[in-house]
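Here is how names work: the chains are called A, B, and so on, in the same order as the sequence lines, proteins then strands, and each is numbered from 1.
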Number of protein chains: 2
Amino acid sequence: METQRKTRIQMENEERILDAALEVFSAHGFRGATIDQIADHAGMSKPNLLYYFRRKQDMYEALIARLLDTWLEPLKELDAVGDPLPELQCYIRRKLEMARDFPRESRLFANEILQGAPRIKRLLESELKPLVDEKAEVLAGWMKDGKINTVDPRHLIFSIWSTTQHYADFDVQVQVILGPDLGAEGRFEDAARYLDKLFLDGLKP
Amino acid sequence: METQRKTRIQMENEERILDAALEVFSAHGFRGATIDQIADHAGMSKPNLLYYFRRKQDMYEALIARLLDTWLEPLKELDAVGDPLPELQCYIRRKLEMARDFPRESRLFANEILQGAPRIKRLLESELKPLVDEKAEVLAGWMKDGKINTVDPRHLIFSIWSTTQHYADFDVQVQVILGPDLGAEGRFEDAARYLDKLFLDGLKP
DNA sequence: CGAATTCTTGACTGTTTGATAAAACTCTAA
DNA sequence: TTAGAGTTTTATCAAACAGTCAAGAATTCG
């Protein structure tokens, strides 16, 4: 069976479609998104879109597969041989940068998990779980060596994910509360400064 | 115009419907939920359900209105005259308890905010914003008095919301990573212990 | 009781939506 | 240049969906 080569038009259109799909899926979730909306965003007719992805679910799965690696990359780079505290600070900042630079991706995952991850639960078990297990060991090692405060490493990871992704997933709420005066960039800097303090020193005076 | 009194059957059925609606809306979001699903969960026919709530959106709005107060109550109780650190610890624990005891409510809000809060943005501005402004002042006062570490009070509130609600909203992911051995109760205790440490001392050894 | 009111249901309507078929058009490589 | 592969469109379908209607069943209350 020969590997199918993709034409120029195929590559261009699949790209356009996946970008449009990300836009729509991340804003409305899988069931809330319609093929018509995605086709509109991609600037093509619905049957034409369905020529490239025969079913709605195919687009969704293609998106997820393409994004998961990017999404897990910062955690993968958490390095056992690095200096623990700076290493963690760097991880937190990178996650925060991703929330700023890829909010659609963040919301896509959030939507999926929120609704019970029916389409990617298996992927979480095969990709996410082992990675977290591995990095939890790294963190546990640092704790044993007295390099960082001793806490449950998995819950530590949860708190990094939740605090950073909050700025992408709950952006509307964040904007309502912080007001629009401060731009997105200003909000980002404030958040980075705050999280740095929180994770280093906590709230004790 | 006389105030309409509600019959026994009306009260019972509206209750049943709103509970079913919470179940379905929180699992699928507004657009993903169907009236048929809600009617099934409530154990009644669709036309019967629509006799009580004429449109899908009416159920949703009734739910939101009913839940918002409950949801904001812990923050309302944050007391300026109390002892700062214990007061915050108490708030964190109460939010975590709500994530454990009312995960559907948490997911309902999460779904709504995630999708841009089209239906409750006004409510956030009129109810949530002033409350947060007020409590941010309280926190700022504590910081000025040197009772707690000086950080951005609004971002502090964000981090409490995100870390606690994470356990309700991303429950599937949490379960995949922590494994099912540990029950929900055990997970809760671990989370409470971790968050206590994080917010008090941070990660510095 | 019995009549007024409230509640419930089956059948139905118009619309949206995911998906298909086939014809028409465009591109590419020999 | 032209045959064939690849692409786009028009027309269409069946299922899912929000919401309606009128008639029948149950409940309430004088």
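- A:Q10 has no side-chain polar atom (N or O) that falls below the 4.0 Å cut-off from OP1 or OP2 of D:dG6.
- C:dC7 atom C1' lies 12 Å from atom CD1 of B:I17, rounded to whole Å.
- For the pair B:L198/A:N149, no side-chain contact is recorded, criterion being any heavy-atom separation below 4.5 Å from C-beta on.
- Between A:I177 and the options B:L131, B:V132, B:L124, a side chain to side chain contact (heavy atoms under 4.5 Å, CB included) holds for only B:V132.
- Contact annotation: side chain of A:K46 to base of C:dG18, donor-acceptor pair present below 3.5 Å.
- If you take CD of A:E12 and P of C:dC27, they are 12 Å apart, rounded to a whole angstrom.
- Considering only side-chain N and O atoms, A:S45 lies nowhere under 4.0 angstrom from the phosphate OP1 or OP2 of D:dT8.
- Remark on DNA chain D: of its neighbouring residues B:R54 and A:M44, the 5'-side contact belongs to A:M44, judged by nearest-heavy-atom nucleotide.
- In this structure, the CG atom of B:D36 is 16 Å from the P atom of C:dA11, given to the nearest Å.
- The side chain of A:Y52 contributes an N or O atom lying less than 4.0 Å from OP1 or OP2 of D:dT8.
- OP1 or OP2 of D:dT9 has at least one side-chain nitrogen or oxygen of A:N48 nearer than 4.0 Å.
- Looking at heavy-atom distances under 4.0 Å, A:T34 makes contact with sugar-phosphate atoms alone, never a base.
- Side-chain N/O atoms of B:Y51 include none lying less than 4.0 angstrom from OP1 or OP2 on C:dT8.
- For the pair B:Y60/B:R119, a side-chain contact is recorded, criterion being any heavy-atom separation below 4.5 Å from C-beta on.
- Toward the 5′ end of DNA chain C lies the nearest nucleotide of B:I9, the other residue of the pair A:F30 and B:I9 mapping further downstream.
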